[in-house]
Amino acid sequence: MKGKVYLVGAGPGDYKLLTLKGLECIRKADVIVYDRLANINYLKEAKKGCEFINVGKASSHHLLPQDQINRLIADKALEGKIVTRLKGGDPYVFGRGGEEGELLKAEGIEFEVVPGVTSAIGGLCYAGIPITHRDHASSFHVITGHLRKDGKENPEINWNALANMKGTLVFLMGVSNLKNISENLIKEGMSKDTPVAFVSWATRYNQRVVTATLEDAYEVAIREEVKPPTLIVVGTVVNLRDTLNFFEKKPLFGKSIMVTRSRSQNSKLVERIMDLGGNPIEIPTIKIEKVQDNKELENEIKNLKDYTYLVLTSKNGVDIFFDKLDEMGLDCRALANIKVCSIGAATSKAIIRRGIKPDIQPEKAVGESLYDELKDIVSKEDKILIPRAKNAREFLVKKLNEISNVTEVVTYESVMDDSKKEEAINALEEGNLDYITFASSSTVTNFINLIGEENKDKLSNTKIISIGKITTKTILDNGLEVYKESEKASIESMIEAMSE
Ligand code: SAH
């Protein structure tokens, strides 16, 4: 049984510059082979158990030679696996995708190629440089700057033609050959004043653009320490950058922001940071562990007809309860004769999604408020089911039990998630973070538990953004400073505080 290979263009780096087809290939892969130019966050989209193979570690400069990469991909497919080969930009633009495809063909392995947004075009775009423009360039040429190592003239490059075609020139892999490039173009008649741009890490939060002229390009690149991966753009389209640069003007462009929330909650904040050009670093602090094979919950669901109230106090609690109903072959009709109470808006939203409008929801999402709503309507005859987290606050169950009959069933537990502990400590130590956000008092406590009291001081290198008064108090109680508290207790307001 032979597998199949997808050679997928992963785009230039911005997470959202991937095709729908590319995403589909990532999701169905058994093995993903990737290198340093493909955005590593795509791996999060892979299915459980997918094998990840990094064939180009930037840190060690230890690249697997191309023939070995070809072999690896073919071998995995011959094992019957679906292999997705993720390549930066487009697979066929100096990506050696052709060679990989040729070997697959020779071995009789089925493959497909998914084009990607090449850095040669998309990278320029994010630097505010249109690759063509009616007033500037009516053609463009994408050239490898990776010239022959023996110092001999590369016969494939016709410098005279390039210098005189008046098209935009984009050199990939050209940094180490820059001197050669600029000298050849000038020698063949290109104006010394032709604008040049160096675009490094294009479309990423750390994109950096340096401009020069053809004459001083080499000097400027040395002075400014221009390093790969960089696109070298030669042509007057570079002058449009001042007008067309939208990306670097985004309010959080270039900012690294640590986001500390439980994984299920932080997606909106992460999404907004990315939209505004920032680099979110997600550090989960707690995770939800469902009670496995929950016989107790099953029993109470079987006895639902005896209950008059169901009280739900979190989104997780709702999801676990309704998943269990579903598992038992039931649906929301099982709750037809029961009043459903929700602690607050987020919980209600989850209940509504399951086809039920909550009968009761207090304005403030706390146990005290829900108790106030219920205390005059429930009586000794009522039976109340409360499926909820282990170690939840006692108040609600205790007070309701005084006036009626409560059955509490533990359905999940919040436990420490230390999967990103090292990453969090390293990021704090490196001091490259612009902000760290805390969107609840408990995440402050959980985060400090996660990194350990002994590392707490490391937080003082970073500007702390708090969502509101209670969270601020917890931060101060820990001996830390708050850089800014958001005006309203909302994600959008936290974003505003940072954007200002
Ligand atoms: N297939 C890729 C190019 C691979 S060759 C594509 O279509 O984009 C590798 C070279 O591409 C790098 O040396 C650099 O010159 C360029 N490159 C790729 N991604 C880049 C990025 N995000 N920023 C700047 N240069 C990039």
Side-chain angles (χ1 to χ4, degrees), residues 6-19 22 33-42 54-58 61 63-66 69-70 73 84-101 113-129 131 140-147 149 154 156-157 168-178 180-182 196-212 217 221 224-234 238 241 245 247-248 253-254 274 277 279:
Y6 295 93
L7 302 175
V8 176
D14 177 334
Y15 187 70
K16 291 194 177 168
L17 290 182
L18 175 75
T19 62
V33 180
Y34 65 102
D35 47 45
R36 79 165 182 149
L37 288 177
N39 189 328
I40 194 154
N41 288 321
Y42 294 135
N54 181 354
V55 291
K57 285 193 186 117
H61 288 284
L63 282 150
L64 203 58
Q66 186 63 43
I69 297 178
N70 299 350
I73 295 169
T84 291
R85 166 71 169 123
L86 266 189
K87 303 165 85 67
D90 181 90
Y92 283 166
V93 179
F94 304 124
R96 309 190 72 167
E99 290 159 62
E100 291 171 9
V113 186
V114 181
V117 175
T118 177
S119 65
I121 297 175
L124 266 56
C125 166
Y126 270 46
I129 304 170
I131 196 160
F140 62 83
H141 311 273
V142 179
I143 307 127
T144 172
H146 197 86
L147 306 181
K149 292 225 170 67
N154 192 326
E156 285 166 34
I157 294 187
T168 304
L169 306 183
V170 185
F171 291 89
L172 272 61
M173 302 177 282
V175 174
S176 55
N177 255 306
L178 180 59
N180 214 331
I181 292 169
S182 56
V196 172
F198 302 106
V199 187
S200 306
W201 287 112
T203 79
R204 304 230 185 187
Y205 77 97
N206 56 338
Q207 170 175 305
R208 178 170 175 249
V209 181
V210 173
T211 50
E224 296 290 332
E225 299 184 37
V226 171
K227 300 231 161 63
T230 290
L231 301 149
I232 303 169
V233 193
V234 184
V238 168
R241 179 175 145 71
N245 180 356
F247 180 59
E248 291 161 44
F253 171 71
M274 285 202 294
N279 172 39

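One-based numbering, in listed order, for ligands and for the atoms of each.
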* Asked: Which of the atoms in ligand 1, numbered in the order shown and given with their element, are less than 4.0 Å from a heavy-atom of Leu172?
  -> 3 (C), 11 (O), 15 (O), 16 (C)

* Nearest-option assignment for atom 12 (C) of ligand 1, heavy atoms, candidates Met173, Arg208, Arg204 -> Met173

* **Validation row: Asn54, Tyr34 side chains within 4.5 angstrom (heavy atoms)** => yes

* Can you find a heavy atom in the side chain of Leu124 that is under 4.5 Å from one in the side chain of Leu231? -> yes

* **Numbering as shown, the atoms of ligand 1 that approach Trp201 to under 4.0 Å (heavy-atom distance)** => 22 (N), 23 (N), 24 (C)

* Element-labelled atoms of ligand 1 that are located less than 4.0 Å from some non-hydrogen atom of Val199 -> 24 (C)

* **Under-4.0 Å heavy-atom contact with ligand 1, by part of Leu231 that carries it** => both

* Structure fact -> Ranked by distance from atom 2 (C) of ligand 1, the top protein heavy atom is Gly88 O, 3.2 Å

* Under a 4.0 Å heavy-atom limit, does Phe171 contact ligand 1 with its side chain, its backbone, both, or neither? -> neither

* Can you tell me the protein heavy atom closest to atom 21 (C) of ligand 1 and the distance? -> Ala202 N, 3.5 Å

* Flag side-chain contact, heavy atom, 4.5 Å: Ile69 against Arg85 -> yes

* For atom CZ of Phe94, is the number of surrounding heavy atoms from other residues, nucleotides or ligands below 6.0 Å larger than 12? -> yes

* Sub-4.5 Å side-chain heavy-atom contact between Phe171 and Asn177 -> no

* Asked: Are the charged groups of Glu248 and Arg241 less than 4.0 angstrom apart, N to O?
  -> yes

* Nearest-contact summary for atom 14 (C) of ligand 1 - protein heavy atom, Å -> Thr230 O, 3.6 Å

* Proximity flag Gly123 to ligand 1, non-hydrogen atoms under 4.0 Å -> no

* Asked: N/O of Asp90 under 3.5 Å from N/O of ligand 1, yes or no?
  -> yes

* For Tyr126, ring-ring contact (aromatic ring centres under 6.0 Å, His included) partners two or more places apart -> Phe246, Phe247

* Could you list the residues that satisfy salt bridge (Lys or Arg N to Asp or Glu O under 4.0 Å) with Asp14, not counting sequence neighbours? => none

* Asked: Do the side chain of Tyr42 and the main chain of Tyr15 share a donor and acceptor less than 3.5 angstrom apart?
  -> yes

* Whether Pro12 lies under 4.0 Å from ligand 1, heavy atom -> yes

* To do: Specify side chain, backbone, both or neither for Val175, according to which of its non-hydrogen atoms lie closer than 4.0 Å to ligand 1.
  => neither

* With heavy atoms under 4.0 Å as the rule, classify the contact between Thr203 and ligand 1 as side chain, backbone, both or neither. => neither

* Considering only the protein, which heavy-atom contact is closest to atom 3 (C) of ligand 1, and what is its distance? -> Val93 O, 3.3 Å

* Asked: How far is atom 5 (S) of ligand 1 from its nearest protein heavy atom, and which residue and atom is that?
  -> Phe94 O, 3.6 Å

* Asked: Which residue owns the protein heavy atom closest to atom 17 (N) of ligand 1, what's the atom, and how far is it?
  -> Ser119 OG, 3.3 Å

* **Residue pair Val196 / Ile232, side-chain heavy-atom distance below 4.5 Å** => yes

* Asked: Any side-chain heavy atom of Val8 within less than 4.5 Å of one from Leu86?
  -> yes

